[in-house]
Amino acid sequence: MDKKIEKALRRVQKPGRYAGGEWNAVRKDWVSTDLKMAFAFPDVYEVGMSHLGLQILYGLVNRRDDALMERVFAPWPDMEEQLRKMGLPLFSLESRRPLRDFDIVGFTLQYELSFTNILNMLDLGEIPLRSADRLAEEYPLVVAGGPCAFNPEPIAAFIDAFVIGEGEEAINDLLDTYHQWRMQGENKKQLLLRLAEIDGIYVPSLYEVQYNEKGEVKSITAKAGGVPAVVKKRAVDNLNAVFYPTRQIVPAIEAVHDRAMLEVQRGCTRGCRFCQAGVIYRPVREKDPETLLQQARETLACTGWGEISLTSLSTSDYSQVRPLIEELTKRHSADRINVSLPSLRVDAFSVDLAKEVQKVRRSSLTFAPEAGTQRLRDVINKGVTENDLMEAVTSAFRGGWQAIKLYFMIGLPTETGEDLEGIAKLARRVLERGREIVKSKGRLKVTVSVSSFVPKSHTVFQWEPQDSMEELRRKQEFLRRELRGRGLFFNWHDPEGSFLEAVLSRGDRRLCDAIEAAWRKGCRFDGWSEFFNLDRWLAAFDEVGIDPEKYAYRRYDYNDTLPWDHIGAGVNKKFLARDHRRAMAGEKTPDCRGGKCPGCGLCPSLEIKPRLAGGETIAPVQDVLQ
């Protein structure tokens, strides 16, 4: 098999994607290791190797004496062609073992447009696509986790078990349970029952979904005792005590983010109403500066990277960010180590931080006003004003930056033509401010990037529909006309991809048939514009009798049973409904880190309802407007 693999690697564009052998990669003895797990990233190597979760779980599993974890990525079309032509199964990087040989295959669900890649990887790995066809012990257990697991239903038929929430502790529970099950000699169904008893693990085959006369989800019911009605997310309590990888794998070829990663905190409490990450990663938990300095020192020593990125949803909200940056710069600037901040608030304080970390080299700065008017920013609870932005860009231009990126969304709930005009006016005002300050006008650049709003589960806007593709195109064309001129640049996302993302993010398990049909029609790498083909998807929906517009464009009622109601993100659904009502009234909700609790129901100081017993049905929100 190795000779065939080497022959295939000589015929593909980037063999480094599949060769393995990177610095800090771990290769354990296959025969003497009891539990064998593959981390399957359903996208190309360069994207997957930029994922911090891969580094964490890879290091965590491989530090166990009884287990190993190896990596596998979605093969690029040229490699898929070679695998199928030569009769080779999809294999792991470390040992080049076929995917079918592993005990457990774990997929990470970072975005919905990777779903067809999951099916393709299973097929190439010689593993049956559907969970119902893998009940024989000869097949691996197929699990999945990540942000998209908070609405797992569209791929429920293909995954044996989902890990809801953070994986550092859950993955050890999973491996221990698998080991105990194998020692007992039980069948696969008994393994699934054992897994369902673990906090944070959802086994879709143990739940029944019923639909009403309109074809809408009526109820989601656990079918066995001991199976929770609501599967609540896992969250690590103490980030200082939990494992963190300092021997991170250094990619063999350039990755999207090719640098050391230092996670400073998890969670965000700013409460942007469109943001799923701000809900599913609550509560905010910070690492101590001493822990971070030690992890930075060890990571840089073990990898040789020349840059370290302070990662989180909002790094400038970390309470010790300035002293941390100052100390990192003091300790590592002599080695020309650059410190980067991937996320900045729209304020002058963030620009001051950028000045500290970009002493080695200057890049562009990105700010996210999200909306063009203060009215709409209040609706989405963005918490920044136009003055905040102008102070920030003024500080940036005076600090020597000549390129500014502004990030907006279109199609947000309650958006009007005035809000669209506000995007263009704001961009031009930023450009004018730059012209007042920057001497070399020819190098001045203001880039406006616009994405389309996609309603996500467990957010305040989960009840809202998406704008139609025609409406999104109209809004993009308006902005194209308004953002012409020297120094202005306009980028946008294709509405077709955003439409499919909305369908998959709001879908129920009836979409499984459509996803499989789309894959059989050749859909791969749907998140890549050069491969995305909406016509194939529409043909797949038509083939299985599904109208995708009913998923993307439906407005839910507060009392509707949502397809993801049995998945607990920790934030109370009644709170989300109340906050949605506040959004429609243009009212802001305060950041709870400022001392005022908005009552989301997550924190231990508040009343948290106990886990329900198996067989109970999720109740809809009642009397939410009272």
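The structure presented is a predicted model; accordingly, all values stated were derived computationally and were not measured.
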Looking only at side-chain N and O atoms, does [Y] offer a donor or acceptor that is under 3.5 Å from a partner on [X]?
X: S92; Y: E94; result: no
X: E112; Y: S505; result: no
X: R259; Y: N338; result: no
X: S498; Y: Q466; result: no

By side chain to side chain donor-acceptor pair (under 3.5 Å) - contacts of [X] (at least two apart):
X: D288; result: N240
X: Q295; result: K287
X: Y111; result: D43
X: N120; result: E80, R84, W519, R524

Between [X] and [Y], is any pair of side-chain heavy atoms under 4.5 Å apart?
X: W537; Y: D526; result: yes
X: N172; Y: F243; result: no
X: W564; Y: H458; result: yes

If I take atom [atom1] from residue [X] and atom [atom2] from residue [Y], how far apart are they, to the nearest 0.5 angstrom?
X: L406; Y: N491; atom1: CG; atom2: CG; answer: 11.5 Å
X: S319; Y: Q265; atom1: OG; atom2: CD; answer: 7.5 Å
X: L262; Y: L300; atom1: CG; atom2: CG; answer: 8.5 Å

Partner residues of [X] under the ring pair (Phe, Tyr, Trp, His ring centres under 6.0 Å) criterion, sequence neighbours left out:
X: W23; result: none
X: F490; result: W492
X: F115; result: none
X: Y58; result: none

**Prompt:** Where do R10 and E6 land on the salt bridge (charged side-chain N to carboxylate O under 4.0 Å, His left out) test, with the steps shown first?
**Reply:** CA-CA 6 Å; R10 290 195 293 269; E6 292 299 325; 5.2 Å; no
Look only at the side chain of [X] and the backbone of [Y], and say whether a donor-acceptor pair between them is shorter than 3.5 Å.
X: D103; Y: M37; value: no
X: R536; Y: G522; value: yes
X: D317; Y: C268; value: no
X: K28; Y: N62; value: yes
X: K233; Y: I280; value: yes
X: N151; Y: G507; value: yes
X: R282; Y: G278; value: yes

Partner residues of [X] under the side-chain contact (heavy atoms from CB on, under 4.5 Å) criterion, sequence neighbours left out:
X: K14; result: R17, E46, I253
X: K330; result: E327
X: F531; result: W76, P77, F525, W528

**Asked** Ion pair present between R270 and E370, side-chain N to carboxylate O less than 4.0 angstrom?
**Response**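 No, this pair does not count.
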**Salt-bridge criterion met for E70 and R96 (N-O under 4.0 Å)** =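 Looking at E70 and R96, the cut-off is not met.
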**Prompt:** So which of I308, V339, I337, L293 actually passes side-chain contact (heavy atoms from CB on, under 4.5 Å) with H332?
**Reply:**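 It is I337; the other options fail the test.
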**Prompt:** Taking L99 as the fixed residue, which of I127, V142, L124 is the one that meets the side-chain contact (heavy atoms from CB on, under 4.5 Å) rule?
**Reply:**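 The single option meeting the side-chain contact (heavy atoms from CB on, under 4.5 Å) with L99 is I127.
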**Parallel, tilted or perpendicular, as decided by the 30° and 60° cut-offs, for the rings of F41 and H51** =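 Rings of H51 and F41: tilted, as their planes differ by 30° to 60°.
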**Item:** Closest non-hydrogen atom pair between R234 and E169, with its separation
**Value:**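 So the minimum-distance heavy-atom pair works out to NH2-CB, 3.5 Å.
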**Item:** Any pair counted as ring pair (Phe, Tyr, Trp, His ring centres under 6.0 Å), so long as it reaches residues 82-103, sequence neighbours left out
**Value:**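 Found W30-F102.
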